[in-house]
**Student:** 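Shown below is the structure under consideration.
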Amino acid sequence: MTDTPNPRFLDATARFASENDSYDYKATGPVRQAAVYDRHGRLLGDVWTDDRHAAGFTLIDDPEPDMGYVGGRMDRILAEAYKAGIPASELLDPALYAPDFELRRDA
């Protein structure tokens with residue numbers, strides 16, 4: 001092995017592949033959540049937010065085979081909300097998920 005650096009990498013600058021494109025997944029305090037249901041009334045999981053910088057979706061423990069798309073679709077909804085500048089505190093607005101999903105918050 002040689003210690004001579006490869007000339008192709010002499011001017012290389014480290015860069016991030018992309019900027020943050022959604023909310024953080026680590027809550028910095030208590031979270032609020034709302035249950036997510038499909039058009040057939042089946043519980044799919046929960047959307048949660050810490051009302052600061054973090055939010056996400058948690059799929060139910062034992063999803064049916066046809067529920068496989070839900071996690072990806074919820075990630076896209078949250079990413080679109082982030083890119084639109086919607087604060088994490090407003091992520092439990094049912095209008096963000098309609099008409100595909102229904103959000104139900106506990107009273």
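Basis for what follows: all heavy atoms, side chains included, without hydrogens, waters or symmetry-related copies. Residue numbers start at 1 and run along the sequence shown. Bear in mind the structure is a predicted one, so any value in this text is a computation, not a measurement.
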**Student:** Would you give me the side-chain donor-acceptor pairs under 3.5 Å for residues 67-79, sequence neighbours excluded?
**Tutor:**
{"residue": "Arg76", "atom": "NH1", "partner": "Gly72", "partner atom": "O", "Å": "3.4"}

**Student:** Shortest non-hydrogen contact from Leu103 to Val36?
**Tutor:**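 Nearest heavy atoms, Leu103 then Val36: CD1-CG2, 3.7 Å.
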**Student:** If you take all heavy atoms of His53 and Ala88, which pair is closest and at what distance?
**Tutor:**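 Smallest interatomic distance, heavy atoms only, reads N-CB, 4.2 Å.
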**Student:** Quick test of your reading: applying side-chain hydrogen bond (donor to acceptor under 3.5 Å, both in side chains), list the pairs with at least one residue in residues 86-100, sequence neighbours left out, ordered by first then second residue.
**Tutor:** Arg39-Asp100
**Student:** Assess the residue pair Tyr82 and Leu91 against the criterion (side-chain contact (heavy atoms from CB on, under 4.5 Å)); give the C-alpha distance rounded to whole Å, side-chain angles, the decisive distance to 0.1 Å, and a yes or no.
**Tutor:** CA-CA 10 Å; Tyr82 181 84; Leu91 291 176; over 6 Å; no
**Student:** Side chains of Leu44 and Ile60: does their closest heavy-atom pair fall under 4.5 Å?
**Tutor:**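 Heavy-atom side-chain distance check fails, nothing below 4.5 Å.
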**Student:** Tell me, do Asp38 and Glu64 make a side-chain contact under 4.5 Å, heavy atoms counted?
**Tutor:**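 Sidechains of Glu64 and Asp38: no contact.
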**Student:** With distance as the sole test, does Arg42 use its side chain to make a donor-acceptor pair with the main-chain N or O of His40 at under 3.5 Å?
**Tutor:** no
**Student:** What pair of heavy atoms forms the shortest contact from Arg52 to Pro30, and how long is it?
**Tutor:** NH1-O, 4.2 Å
**Student:** What heavy-atom pair brings Asp24 and Trp48 nearest, and what distance separates the two atoms?
**Tutor:** O-CH2, 4.3 Å
**Student:** Is Phe101 close to Leu96 at the side-chain level, that is, under 4.5 Å between some pair of heavy atoms?
**Tutor:**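 Not touching, per the 4.5 Å side-chain cut-off.
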**Student:** Apply the test side-chain contact (heavy atoms from CB on, under 4.5 Å) to residues Val31 and Thr49: give CA-CA distance (whole Å), side-chain angles for both, the deciding distance (0.1 Å), then the verdict.
**Tutor:** CA-CA 5 Å; Val31 298; Thr49 178; over 6 Å; no
**Student:** Which distance, rounded to the nearest 0.5 Å, do you find between the CG of Asp50 and the NZ of Lys26?
**Tutor:**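 Atom-to-atom, Asp50:CG and Lys26:NZ are 13.0 Å apart.
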